[in-house]
There are 2 protein chains.
Amino acid sequence: MSDQAVINKRLTGLDEILDKSAQLMAHLGYHGTSMRGLAQVTGRSLSGLYHYFSNKEELLFLINQRGFTSLLAMSGDLLQRDLTPQERLSGLIHNHVTYFIDHLSEMRIMTSGTMEMNEQRSQTLWKLKQEYTRLAQNIVGDYMDSQSGTNHSAQSINRKTYLLYGMMNWIFGWYSAKNHGTAKDIAKDIFHTFTKGCCGTE
Amino acid sequence: MSDQAVINKRLTGLDEILDKSAQLMAHLGYHGTSMRGLAQVTGRSLSGLYHYFSNKEELLFLINQRGFTSLLAMSGDLLQRDLTPQERLSGLIHNHVTYFIDHLSEMRIMTSGTMEMNEQRSQTLWKLKQEYTRLAQNIVGDYMDSQSGTNHSAQSINRKTYLLYGMMNWIFGWYSAKNHGTAKDIAKDIFHTFTKGCCGTE
DNA sequence: AAATTATCCGAACGACCGTTCGTTAATTTA
DNA sequence: TAAATTAACGAACGGTCGTTCGGATAATTT
């Protein structure tokens, strides 16, 4: 693939379909999006779509799988690298927020709850989500323990991790690039609020 | 209505329909929920439903309107009452989280983003949401100013308010009464995290 | 007891749904 | 170039969708 194609995000084949489908589905919801609508926005015929996936449910699965895999690829090595707990937490938040803002539609679908699905598919996604959650819980737990010297309970760490998830994943409810700055700005704000509170000092 | 009816939540008519519809819609999504499914879960015939609302879209509107009106009724007087900024913030969080956990299905629908709707209806909901958001922004802003002595920018206050929203509204993604305690516990945790950070001291 | 109103229903309508089928065009491989 | 594989298509299928309509039953008022 040429560099030009990469730069312009002129994706082809399945990747292009997943991207454009995610945009429409983020707007209309999974059930509200018809195969005919997907055919239109992808510039293909209705039946032509079925060359790339076997049915609508698999399309939803592929969007989710691609997204969670990418998220994990960004942050999966944070625990291995030689970083302080604070740098790890900051890195996790930065990676997540950056990916979120660069893939708003996709993330909207990924965070819109569990959809009824083929057993094997939902298990695959469940494992990906769990792997990512465990990573976050480890990073949050290490940070909290390193800050206070004592060990926090698993339940406490999990709850705090969910609160962090909330701050990050609620972005789609309000974010607009024009009014709220770059991903880096948001990530800084979330890191600061999560570690020091809404008006904590540096 | 008898006390017994109130205690048992044995609602009748429209209220019962809105409750049971919200439960099904929270599970399947708006478009994924059929009028026939709603008829079944409400114990009515398909055509009998149309006695209570004129179409499916109005049902969605009524669920949202009832929810946001209730939310506002809980916290609308926090600014008038003689409270400290801290008590106001704590009260807002407690009210929101309590209502959220007591009406998980309804809140799931209310927070699932803007749905295409009749102009007047969407404007009515938009005003309710804005009124509630403004209340939260005022409470958060007053608290922040009172803590640091200085005045924070509107943009900074708004961003922090959205982060607080995120922590509260993400509850449906993980909360279960068995594992995560009462609404009061969650509210305390959110208040503490938002004001002091994830391992801030009292 | 009659009249009026509020609830509720079965049956049907046209529109749209996801999916399949047989076939053709384009591209790659031999 | 010929064969094989990939990509794309129009047309059609059975089913489900939201909604409507005329009429039945129950509740309330007169």
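Below, chains carry the letters A, B, ... as their sequence lines are ordered, and counting in each starts from 1. Quick note: numbers below take in every heavy atom, side chains included, and nothing from hydrogens, waters or symmetry partners.
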Could you give the CZ-to-C1' distance, from Phe53(A) to dT20(C), as a whole number of Å? 15 Å
For Asn158(A) and Thr161(A), which I'm curious about, is there any donor-acceptor pair between the side chains at under 3.5 Å? no
Under 4.0 angstrom, heavy atoms only, what part of the nucleic acid is Thr42(A) near: base, sugar-phosphate, or nothing? nothing
Listed in order of residue number, which residues of residues 22-29 of chain B have a non-hydrogen atom at under 4.0 Å from DNA chain C? none
Side chains of Leu38(A) and Arg44(A), heavy atoms from C-beta outward: is any pair under 4.5 Å? no
In whole angstroms, how far is the C1' atom of dG18(D) from the CG atom of Leu38(B)? 11 Å
Evaluate whether atom CD of Glu116(B) has more than 12 neighbouring non-hydrogen atoms of other residues, nucleotides or ligands under 6.0 angstrom away. no
Step through the shown structure and confirm whether more than 12 heavy atoms of other residues, nucleotides or ligands are within 6.0 Å of CD on Glu87(A). yes
Figure out the NE2/C1' separation between His31(A) and dC16(C), and round it to whole Å. 16 Å
Output the rounded distance in Å from CG (Leu49(B)) to P (dT7(C)). 13 Å
Any N/O pairs under 3.5 Å between the protein and nucleotides 4-7 of chain D? List them or say none.
from	atom 1	to	atom 2	distance (Å)
dA7(D)	OP2	His51(A)	NE2	2.5
dA7(D)	O5'	His51(A)	NE2	3.3

Does the Ser112(A) side chain pair with the main chain of Ile109(A), one donor and one acceptor, at a distance under 3.5 Å? yes
Using a cut-off of under 3.5 Å, enumerate the N/O to N/O pairs linking the protein to nucleotides 19-21 of chain D.
from	atom 1	to	atom 2	distance (Å)
dT19(D)	OP2	Tyr50(B)	OH	3.0
dT19(D)	OP2	Lys56(B)	N	2.9

Answer with base, sugar-phosphate or nothing: what part of the nucleic acid does Ser34(A) contact at a heavy-atom distance below 4.0 Å? sugar-phosphate
For the pair made of CD in Gln40(A) and P in dG18(C), what is the distance, rounded to whole Å? 14 Å
Tell me if a side-chain donor or acceptor on His192(A) pairs with a main-chain N or O of Lys188(A) at a distance below 3.5 Å. no
